[in-house]
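Structure, as structure tokens:
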Amino acid sequence: MSVTDSTERTDSDLVAARRAKLARWRDDLGIDPWGRRVEGLVPLAEARGMFDQAAAEAMEGEPTPDPDPRPRAVVAGRVVQHRAMGKLCFMVLRDESGDMQISCSKADLEPASFKLASKVDYGDIVVAAGPVGRTRRGEICIWADRFEVHCKSLAPPPEKFHGLTDAEQRYRRRYVDMYASPDTMATFLQRSRIVSDIRRFMESHGFVEVETPMMQPIAGGAAARPFVTHHNALDIDLYMRIAPELYLKRLLVGGMRRVFEINRNFRNEGISRRHNPEFTMMEAYEAFGDCESVMRLTESLLRSLAGGTVAFGDLEIDYEADFDRTTYGALFQTTFGCDMGDEAAVRAVATAKGLEDADTRDAWLLVEALFGEAEETIDPSRPTWVTDFPSALSPLSRPHQDDPSLAWRAELFIAGMELGNFYTELNDPDIQRARFTEQLEGINDEDAAFRSLDEDFLDALLVGMPPAGGFGIGIDRVVMLMTGNTSIRDVVLFPLMKPEERGE
RNA sequence: GAUCGCGUAGCUCAGUCGGUAGAGCAACCGCCUUUUAAGCGGUAGGUCCUGGGUUCGAGUCCCAGCGCGAUCACCA
């Protein structure tokens, strides 16, 4: 198949027009429309900041000074507006720092450059240089005396005012969304800063960042369904990790006091406004800490990220005040009117709610299934700790000494979302083995394929893990809260989508 | 997985009671040295998501499917 064939088959008239223009520029103007290295570029926002009012006024008076006192700038950006009027043309360039107008007068430019400037298309990437001044209407701009096209955009652009509004198109063609919607760019730049701030915060508290396996022979540390892959040379199945927990704990055994990891987890489950199959998690472990110490750490981290109150949908969430606290049992009690430890009462509620296997399923699993309704009673505008989870539902956390049915475990809820899990880690190898074994007894054959006993982890606990606090928080959800985006897809650059059907 | 909504030009959107497919932007041609979603004149551009059905006639009504979104369910 030749290139021409493919071009003829797939190009719309709009693409054909852009290709024709590109050919004319190459043939008639002798330019290379694919660009080259450019020295001395400054971001558009910086170029705007260079504007000097006195110099601009001097140029507008009589006589005009020589040399030109206005500061000069070299900029690059994508053309997002273009207004040509004969011997003068204006265009607005956009880069990640913002927008800026470029004004091109036929009198100031080489004839070929002016012709280019008059004819560029929305979406082309151009370089311009000249004095930073302003127009009669006061718009700060660069009066270009150099103008070059450094990448011809061949694809038809979105509508210049509305941009892309179709959510599907925004996710599938994020590269268009990013330049067409400054809010999108702002969100992802903010995400980058947030992750960077989190790293600095953790490092300033003595935590060391590590990287542990993302392909694991046993998918441990959580209860989600994993993605399966295969290593050919070893001829073994591997699982994309659902959590780094069991590896990070091995590092405590090895002697690291404070570790954290920010990386992707993969869970082969539903997609929703709050769930993407691959998502970024931070897990951290603090030897000689406990559930309380990592809760305090997290509260302080979120407080520093938020810097006060942040809007999320209709909510105004205040991170400054101490977070609210309640217990798992109290929430259960107020929602269902019975003690979560009262098996008969729990079964009665579960039966009344129409849960499957309400008579036969483990009573704690019924409590867990019911608990979602209790979560909804938490004030979404208040960051809230839910503490004292049932031990039966917390196989990796240490039971309370005075009441072993409760675990030293908390979850943080904000805006109706589960932000993360906080534990005093279980480091007794015998209890840990018992917990794993109990868990494995109740599961079906399908789950058994990937949930086998992690003997190596239990060996590590035999070597001895210091007492520790540990936690994991969903970074995407933190970014949602801090940027006011209510869908995880708006804070993940390339959210998972069903592949598009494309004709051969 | 369930329910509801949406799918029309490259993009943003109209399309009445079922009666020849529309606008703005973008594109193409022409004019224009101070525009701000520039303006003016002209031209071209459609698998109305797909497949069935009802009808003299379907973008419109019905059924099924596909994609996306919202809500719910699932998610130690």
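Chain letters run A, B, ... following the sequence lines, proteins first and then strands; every chain starts at 1.
- Nearest approach of A:L393 to A:R409, heavy atoms of both residues: O-NH1, 3.0 Å.
- Closest of all the heavy-atom pairs between A:L481 and A:A415 is CD2-CB, 3.9 Å.
- Residue-environment remark: CD (A:E110) stays at or below the threshold of 12 foreign heavy atoms within 6.0 Å.
- Paired with A:R241 under the rule side chain to side chain contact (heavy atoms under 4.5 Å, CB included), one option of A:R267, A:M281, A:M214 passes, and it is A:M214.
- Taking atom P on both B:G22 and B:C63, the two are 29 Å apart, rounded to the nearest angstrom.
- Of all heavy-atom pairs between A:A56 and A:R134, the closest is CB-NE, 4.2 Å.
- Closest approach of A:I102 to A:A128, counting heavy atoms only: CG2-CB, 3.9 Å.
- Checking B:U20 for Watson-Crick or G-U wobble geometry (two distances, each under 3.5 Å) identifies no partner in any strand.
- For A:H275, whose side chain is taken as the heavy atoms from C-beta onward, the closest listed nucleotide among B:C68, B:C75, B:A27 is B:C75.
- For the pair A:D314 CG and B:A70 C1', the computed distance is 15 Å after rounding to whole Å.
- A:R477 has its CZ atom 14 Å from the P atom of B:C75, to the nearest Å.
- Nucleic acid contact for A:A17: sugar-phosphate only, since backbone atoms but no base atoms lie under 4.0 Å from a heavy atom of the residue.
- Look at CD1 on A:I142: it is 17 Å from C1' on B:U34, rounded to the nearest Å.
- Residues meeting the salt bridge (Lys or Arg N to Asp or Glu O under 4.0 Å) test with A:K115, sequence neighbours left out: none.
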Any N/O pairs under 3.5 Å between the protein and nucleotides 42-50 of chain B? List them or say none.
none

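- Annotation: B:C32 and B:C17 have their P atoms spaced 48 Å apart (nearest Å).
- Residues satisfying the salt bridge (Lys or Arg N to Asp or Glu O under 4.0 Å) criterion with A:E455, sequence neighbours excluded, are A:R433.
- When heavy atoms are screened at a 4.0 angstrom cut-off, A:Y171 is found touching the sugar-phosphate backbone but no base atom.
- Under a 4.0 Å N-O distance rule, the pair A:R274/A:E418 does not qualify as a salt bridge.
- Contacts classified as salt bridge (Lys or Arg N to Asp or Glu O under 4.0 Å) and involving residues 367-376 of chain A (residues at least two apart or in different chains) are given here: A:K353-A:E373.
- Using C1' as the reference atom, B:G19 and B:G57 are 7 Å apart when rounded to the nearest Å.
- Ionic pairing of A:K21 and A:D124 is not present here: no N-O contact between side-chain nitrogen and carboxylate oxygen is shorter than 4.0 angstrom.
- A side-chain donor-acceptor contact under 3.5 Å links A:R18 to the backbone of A:S153.
- Against RNA chain B, the stretch residues 357-365 of chain A makes no heavy-atom approach under 4.0 Å.
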Provide a list of protein-nucleic acid N or O atom pairs under 3.5 angstrom, restricted to nucleotides 31-33 of chain B.
{"residue": "B:C32", "atom": "N3", "partner": "A:G86", "partner atom": "N", "Å": "3.3"}
{"residue": "B:U33", "atom": "OP1", "partner": "A:K87", "partner atom": "NZ", "Å": "3.4"}
{"residue": "B:U33", "atom": "OP2", "partner": "A:M85", "partner atom": "O", "Å": "3.4"}
{"residue": "B:U33", "atom": "OP2", "partner": "A:K87", "partner atom": "N", "Å": "2.9"}
{"residue": "B:U33", "atom": "N3", "partner": "A:S105", "partner atom": "OG", "Å": "3.4"}

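- Rounded to a whole angstrom, the distance from the P atom of B:G5 to that of B:G10 is 27 Å.
- With hydrogens and angles left out, the side chain of A:E139 and the base of B:U36 share a donor-acceptor pair within 3.5 Å.
- As rounded to the nearest Å, B:G7 and B:G15 have C1' atoms that lie 15 Å from one another.
- Within 4.0 Å (heavy atoms only), A:K119 reaches no atom of the nucleic acid at all.
- Close to B:U71, at under 4.0 Å from its OP1 or OP2, lies a side-chain N or O of A:R273.
- Remark: C1' of B:C74 and CG of A:N276 are 16 Å apart, rounded to the nearest angstrom.
- For the segment residues 366-376 of chain A, the set of residues with a heavy atom within less than 4.0 Å of an atom of RNA chain B comprises A:E368, in numerical order.
- Taking every heavy atom of both residues into account, A:E343 and A:A363 meet most closely at CG-CB, 3.7 Å.
- At the heavy-atom level, A:R134 lies nowhere under 4.0 Å from the strands shown.
- For the pair A:Q81 CD and B:U36 C1', the computed distance is 6 Å after rounding to whole Å.
- When the P atom of B:C13 is taken as reference, atom CZ of A:F161 falls 12 Å away, rounded to whole Å.
- Nucleic acid contact class of A:Y122 (heavy atoms, under 4.0 Å, all strands): none.
- If you measure from atom CZ of A:F90 to atom P of B:U36, you get 9 Å, rounded to the nearest angstrom.
- Looking at heavy-atom distances under 4.0 Å, A:R435 makes no contact with the nucleic acid at all.
- Comparing the C1' positions of B:G45 and B:U50 gives an interatomic distance of 23 Å, to the nearest angstrom.
- Annotation: side-chain contact (heavy atoms from CB on, under 4.5 Å) contacts of A:D388 (sequence neighbours excluded): A:T327, A:H400, A:L406.
- At a threshold of 4.0 Å, the pair A:D290-A:R398 does not count as salt-bridged, since none of the basic side-chain nitrogens sits closer than that to a carboxylate oxygen.
- At most 12 heavy atoms of other shown residues, nucleotides or ligands fall within 6.0 angstrom of atom CG in A:D314.
- In this view, A:R78 satisfies the side-chain hydrogen bond (donor to acceptor under 3.5 Å, both in side chains) rule with no residue, not counting sequence neighbours.
- Under the 3.5 Å distance criterion, the side-chain polar atoms of A:R250 are matched with a main-chain donor or acceptor of A:L246.
- For residues 168-184 of chain A, every residue pair satisfying the salt bridge (Lys or Arg N to Asp or Glu O under 4.0 Å) rule, not counting sequence neighbours, is listed here: A:E168-A:R172, A:R170-A:D177, A:R170-A:D490, A:R174-A:D177.
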Filtered N/O pairs between nucleotides 3-11 of chain B and protein, under 3.5 Å:
{"residue": "B:C11", "atom": "O2'", "partner": "A:E159", "partner atom": "N", "Å": "2.7"}
{"residue": "B:C11", "atom": "O2'", "partner": "A:G163", "partner atom": "O", "Å": "3.4"}

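- Between A:K152 and A:D121 there is a salt bridge, since at least one side-chain N of the basic residue sits less than 4.0 Å from a carboxylate O of the acidic one.
- Residues from residues 126-133 of chain A placing a heavy atom under 4.0 Å of any atom in RNA chain B do not occur.
- Taking atom C1' in both B:C66 and B:C29, one finds a spacing of 41 Å when rounded to whole Å.
- With a cut-off of 3.5 Å on both pairing distances, the Watson-Crick or G-U wobble partner of B:C4 is B:G69.
- Here the separation of B:A9 from B:G65, taken at their P atoms, is 25 Å to the nearest Å.
- In terms of phosphate contacts, A:R274 brings no side-chain nitrogen or oxygen within less than 4.0 Å of OP1 or OP2 of B:A70.
- Between A:D124 atom CG and B:A26 atom P there is a gap of 14 Å when expressed in whole angstrom units.
- For the side chain to side chain contact (heavy atoms under 4.5 Å, CB included) criterion with A:R273, the lone passing option out of A:N485, A:T486, A:I488 is A:T486.
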